[in-house]
2 protein chains.
Amino acid sequence: MTSAPSPEALDALAGLLGPKGFTTDSDAMAPWLTDWRGKYHGAAAAMLSPATTDEVASVVRLCAENDVALVPQGGNSGMVGGATPDASGNTVLLSTRRMNAIRAIDRNAQTVVAEAGVILEHLHEAVLQEGLRFPLTLGGKGSATIGGLVSTNAGGTQVLRHGTMRALVAGVEAVLPDGSIFDGLAPLKKDNRGYDLRHLLCGAEGTLGIVTAACLRLVPAAAARRTAWIGLESPAIALQLLRRLDAAIGRDLEGFEIIPQSCLDAVLRHIPQTRAPLAKACRWHALVELAGESGDALDAALQAELAAALEAGLIGDVVIAKNDRESEDFWRLRDSISEAERAEGPALQHDISVPVDLMPAFIAENPLRLAAAFPGARALSFGHLGDGNVHHHVQPPADADGRAWLAAHGEAVSRLVYSHVIELGGSISAEHGIGQMKRDILAELDSPARIAALRGIKAGLDPAGLFNPGKLIG
Amino acid sequence: MTSAPSPEALDALAGLLGPKGFTTDSDAMAPWLTDWRGKYHGAAAAMLSPATTDEVASVVRLCAENDVALVPQGGNSGMVGGATPDASGNTVLLSTRRMNAIRAIDRNAQTVVAEAGVILEHLHEAVLQEGLRFPLTLGGKGSATIGGLVSTNAGGTQVLRHGTMRALVAGVEAVLPDGSIFDGLAPLKKDNRGYDLRHLLCGAEGTLGIVTAACLRLVPAAAARRTAWIGLESPAIALQLLRRLDAAIGRDLEGFEIIPQSCLDAVLRHIPQTRAPLAKACRWHALVELAGESGDALDAALQAELAAALEAGLIGDVVIAKNDRESEDFWRLRDSISEAERAEGPALQHDISVPVDLMPAFIAENPLRLAAAFPGARALSFGHLGDGNVHHHVQPPADADGRAWLAAHGEAVSRLVYSHVIELGGSISAEHGIGQMKRDILAELDSPARIAALRGIKAGLDPAGLFNPGKLIG
């Protein structure tokens with residue numbers, strides 16, 4: 001679809017950006033042409049690193065005039081190949097990493113304006129110095145950038161209380177496909193001037209605009225945190241516990257993760273220096289995290305609620321972390337599941353969501369459907385029950401050659417899982433996005449009404465198809 | 001732009017909908033062809049009242065095939081003529097009022113699925129019977145419908161705590177301009193399948209889709225409410241008070257309105273059976289409302305915070321309503337301002353927002369700018385300080401013929417006000433929308449980048465321009 005940029009167009013881009021902002025050197029470009037999981041490999045005619053929003057706008061105008069397609073990239077830590085160019089080498093990579101200023105922190109309004117290339121961890125540190133917290137975090141915080149987090153509507157482990165990126169973006173600045181700058185940074189609580197471009201750009205994966213800066217909501221830095229590890233019988237019971245906690249202390253409830261015993265076993269087997277929090281194995285575990293102003297108040301509330309849940313027979317054993325170290329140990333168990341599962345052998349991974357109330361039924365029923373269609377295949381789910389979002393892994397039969405089995409059956413397995421999700425009104429991408437990985441399956445399985453609408457929006461805003469071609473819907 | 005429907009097309013619509021769903025009787029149509037403020041008058045080739053989503057889809061397909069333009073209408077209580085057809089008589093009015101079923105209330109998930117034609121007050125009553133509350137209310141609750149509230153992203157007096165309609169819509173069902181049904185009702189907390197149609201339809205004023213149902217978030221019915229009337233010196237001090245209350249009891253803070261003494265005077269002059277809450281006049285007043293589970297806890301928190309504010313010299317006199325009756329009396333003063341101001345004589349009204357922190361400066365400076373450009377003109381602002389949204393009225397000079405002065409200067413006055421708002425990054429429509437009233441001024445004053453993007457979206461989703469022509473951006 002795209003054609004190679006003319007030498008004149010590349011010269012003009014080089015002249016515009018200077019040596020710091022333009023390179024065609026293959027060694028310099030190499031790290032950014034493969035996604036961090038090593039799954040997608042691309043090529044680019046040049047890598048552009050503009051330093052300002054105005055430079056981005058000039059680049060886009062120049063590209064539009066010369067029919068040059070652009071692939072925007074932040075920290076290159078996405079999960080679906082959304083920031084990796086295709087193999088044609090016809091596109092140019094636009095890195096936002098030089099745009100890394102924190103423009104302003106407003107303590108009264110509790111907002112920060114950060115440029116697209118600011119790394120999440122740096123943002124955390126900068127606002128903490130003002131006694132504030134940006135309440136979104138995830139494994140890739142050391143590389144993920146604000147622009148990428150907005151463009152993928154990132155989630156993480158605090159979504160239960162604070163929402164995904166969408167809920168935290170008070171304003172956005174972006175360069176649109178015609179090279180104009182949309183300045184929507186002002187944090188307006190009410191604005192009914194028609195179609196909401198902020199929400200449209202959030203999660204658009206750079207296919208409708210290049211996010212250059214965002215105004216983000218902050219909360220006061222939490223004075224105290226409490227973490228509990230709870231044994232229980234099933235996701236259905238975990239959901240009951242979640243409802244009780246939510247009703248009683250929902251304002252302080254930041255995390256509620258579920259973990260099956262088999263995942264915990266895998267972690268204990270493969271990850272050094274880990275140990276089971278509870279004395280006895282049980283079918284499922286819940287990892288619960290509270291954050292608030294008073295540690296004493298959190299202790300009192302947590303203990304009262306857990307005592308009541310014990311008395312009601314909802315839960316088995318419970319351990320509350322005695323200090324930050326123990327709390328980190330609990331979270332390390334949770335965060336090591338993916339690594340431990342990889343050590344167990346190859347598996348298919350699905351990032352899916354359904355309405356929260358339907359999640360226990362999905363977790364119970366999907367393995368049965370899979371086993372019926374693919375005898376011996378094993379499914380396991382873990383993660384963000386409170387968000388209706390689990391990471392769902394399918395392992396080949398124990399006696400099969402794993403890789404061969406996945407090559408033969410993987411696509412049909414994913415189709416079965418996604419069809420089940422769609423049957424429940426769910427999403428085949430809860431938090432990782434579509435990128436290039438799920439583009440075709442989205443077009444195939446999502447409702448024709450929705451796909452046609454997505455295509456209409458794309459055609460209306462980027463008629464030449466120059467923004468992140470081949471991703472999402474393009 | 002639109003042409004009259006052919007007799008064949010009207011016959012087909014009549015056949016599709018039957019006598020209950022189709023009329024061309026001018027008496028039957030008359031009430032729905034003028035907006036409730038009597039400002040806009042239109043004509044229609046027919047009024048359609050489909051009873052189901054499938055009927056809406058069939059109507060839209062038939063209209064698309066026959067190039068018939070549609071004007072969707074809910075309760076006909078909008079403020080900007082968004083649901084009133086133009087005078088050509090070439091469009092058909094599509095009323096959602098027969099689609100008035102509450103499909104389901106889910107107590108566990110705290111959601112309700114309501115069809116577009118459900119009246120807000122009926123929804124309030126229905127969910128209250130389940131111990132739940134839909135936390136959005138406004139003056140037109142006896143007529144406003146769910147479909148209209150979603151399509152205009154309605155606000156009201158509880159936005160401070162619960163957000164506008166956008167924040168309360170967990171899912172949406174709509175018929176798109178190609179006649180397809182977008183079923184996005186499932187309340188997914190995480191969904192990263194690309195462009196968010198829910199947020200796009202919310203506030204689109206029926207120009208991109210006809211909302212046929214919505215899944216709405218509910219909260220537990222509040223056990224206790226507390227209302228305080230507070231005298232203070234300025235909006236800047238009111239904002240300081242708001243920040244203190246927000247930090248200490250923000251979770252229970254549902255309303256924070258500001259009222260200048262002149263507005264209170266007008267209410268006391270023109271509205272029967274009203275009396276000033278405070279013994280002495282003061283420059284400004286704040287009306288504060290809390291809602292929570294425990295009345296004692298609210299009392300304790302409110303009294304502690306107000307005592308501290310008194311001690312800090314922030315506020316003057318304070319009265320806390322002793323009972324629901326007094327609380328209603330306080331709110332009646334606030335809600336009667338528009339009526340009282342009308343009785344004072346003609347005035348220009350602006351529904352505007354700026355970032356919350358900039359609002360005190362706007363309120364202080366705008367009257368000076370106006371007086372400099374239009375000697376004798378008086379500006380006053382009141383309303384939702386916590387949302388950065390005030391209703392801003394401009395009164396003609398006391399010695400002028402009000403109507404003549406407004407006819408001569410009104411447009412220039414509005415332009416001055418809106419330009420000031422835009423200078424501060426604000427919005428020329430905070431909660432009422434654009435409709436036909438502000439369509440031209442939006443296109444003129446909003447940034448070209450944003451206007452071009454809005455036009456692109458409209459063209460991409462409704463290329464034939466058949467959905468609510470002449471409104472918003474069409």
Side-chain angles (χ1 to χ4, degrees), chain A residues 106 108-109 152-153 155 159 164 176 178 180-183 185-197 199-200 202-205 243 251 353-357 387-389 425-434 442 446-450 452-454 456-461 472-473, chain B residues 106 108-109 152-153 155 159 164 176 178 180-183 185-197 199-200 202-205 243 251 353-357 387-389 425-434 442 446-450 452-454 456-461 472-473:
Chain A
D106 186 329
N108 287 324
T152 58
N153 183 27
V159 171
T164 63
L176 303 178
D178 62 1
S180 63
I181 297 172
F182 165 59
D183 177 2
L185 279 178
L188 299 178
K189 294 200 172 179
K190 284 187 182 169
D191 180 12
N192 276 348
R193 280 173 299 165
Y195 320 145
D196 195 303
L197 297 185
H199 280 294
L200 192 58
C202 197
E205 303 185 14
R243 296 275 183 237
R251 292 156 171 186
S353 69
V354 299
V356 178
D357 284 85
D387 307 327
N389 167 212
S427 171
I428 68 165
S429 178
E431 53 179 10
H432 295 163
I434 299 298
L442 178 80
D446 211 336
S447 84
R450 192 169 174 277
L454 265 52
I457 294 165
K458 172 71 175 175
L461 288 178
L472 216 179
I473 197 75
Chain B
D106 186 328
N108 287 323
T152 58
N153 183 28
V159 171
T164 62
L176 303 178
D178 62 2
S180 63
I181 298 173
F182 165 59
D183 176 1
L185 278 178
L188 300 178
K189 295 200 172 178
K190 282 187 182 169
D191 180 11
N192 276 347
R193 280 175 300 165
Y195 320 145
D196 196 304
L197 297 185
H199 280 294
L200 192 58
C202 196
E205 304 185 14
R243 295 276 183 236
R251 292 156 170 184
S353 69
V354 298
V356 178
D357 284 84
D387 307 328
N389 167 212
S427 171
I428 68 166
S429 179
E431 55 179 9
H432 295 164
I434 299 298
L442 178 79
D446 212 334
S447 84
R450 193 169 173 276
L454 265 52
I457 295 166
K458 172 71 174 174
L461 288 178
L472 216 181
I473 197 76

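Since the structure is predicted, the reported quantities are computational estimates derived from the model, not experimental observations.
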Original post:
Taking all atoms of both residues into account, what is the closest heavy-atom pair of A:Phe182 and B:Arg450, and its distance?
Top reply: CE1-CD, 3.7 Å

Original post:
Do you know which of B:Ala453, B:Cys202, B:Gly155 has the most heavy-atom pairs under 4.5 Å to chain A?
Top reply: B:Ala453

Subject >> Among A:Pro448, A:Gly203, A:Ala109, residue most engaged with chain B (heavy-atom pairs, under 4.5 Å) >> reply: A:Ala109

Original post:
Which bit of A:Ile428 comes within less than 4.5 Å of chain B, counting heavy atoms only: side chain, backbone, both or neither?
Top reply: both

**OP:** Could you tell me the separation between the CG atom of A:Asp196 and the CG atom of B:Asp196, rounded to the nearest 0.5 Å?
**Re:** 9.5 Å

Subject >> B:Ile434 to A:Gly194 - nearest heavy-atom pair and separation >> reply: CG1-N, 4.4 Å

Original post:
About how many Å separate CG of A:Asn389 and CG of B:Leu188, when rounded to the nearest 0.5 Å?
Top reply: 10.0 Å

Original post:
Considering only heavy atoms, which portion of A:Leu454 lies under 4.5 Å from any heavy atom of chain B: side chain, backbone, both, or neither?
Top reply: both

**OP:** Determine the option with the most heavy-atom pairs under 4.5 angstrom with chain B, choosing from A:Val356, A:Asp106, A:Asn108.
**Re:** A:Asn108

Original post:
Which value, rounded to the nearest 0.5 Å, describes the distance between B:Lys190 atom NZ and A:His432 atom NE2?
Top reply: 8.0 Å

Original post:
Can you check whether B:Leu197 reaches A:Ile457 side chain to side chain, under 4.5 Å on heavy atoms?
Top reply: yes

Subject >> Contacting moiety of B:Asp357, where chain A heavy atoms sit under 4.5 Å >> reply: side chain

Subject >> Side chain, backbone, both or neither of B:Arg251 within contact of chain A (heavy atoms, under 4.5 Å) >> reply: both

Subject >> chain B contact via A:Ala459 - which portion, at a heavy-atom distance below 4.5 Å >> reply: neither

**OP:** Would you mind telling me which of A:Ala430, A:Ala186, A:Ser180 has the largest number of heavy-atom pairs within less than 4.5 Å of chain B?
**Re:** A:Ala430

**OP:** Compare all side-chain heavy atoms of B:Asn192 with those of A:Thr164 and state whether any distance is below 4.5 angstrom.
**Re:** no

Original post:
Hey, which of A:Gly388, A:Gly425, A:Ser447 has the most heavy atom pairs under 4.5 Å with chain B?
Top reply: A:Gly425

Subject >> Among A:Gly433, A:Ala452, A:Ser429, residue most engaged with chain B (heavy-atom pairs, under 4.5 Å) >> reply: A:Ser429

**OP:** Using a cut-off of under 4.5 Å on heavy-atom pairs, state which of A:Ser427, A:Ala449, A:Gly460 scores highest against chain B.
**Re:** A:Ser427

Original post:
Are any of the side-chain heavy atoms of B:Asp446 and A:Arg193 separated by less than 4.5 Å?
Top reply: yes

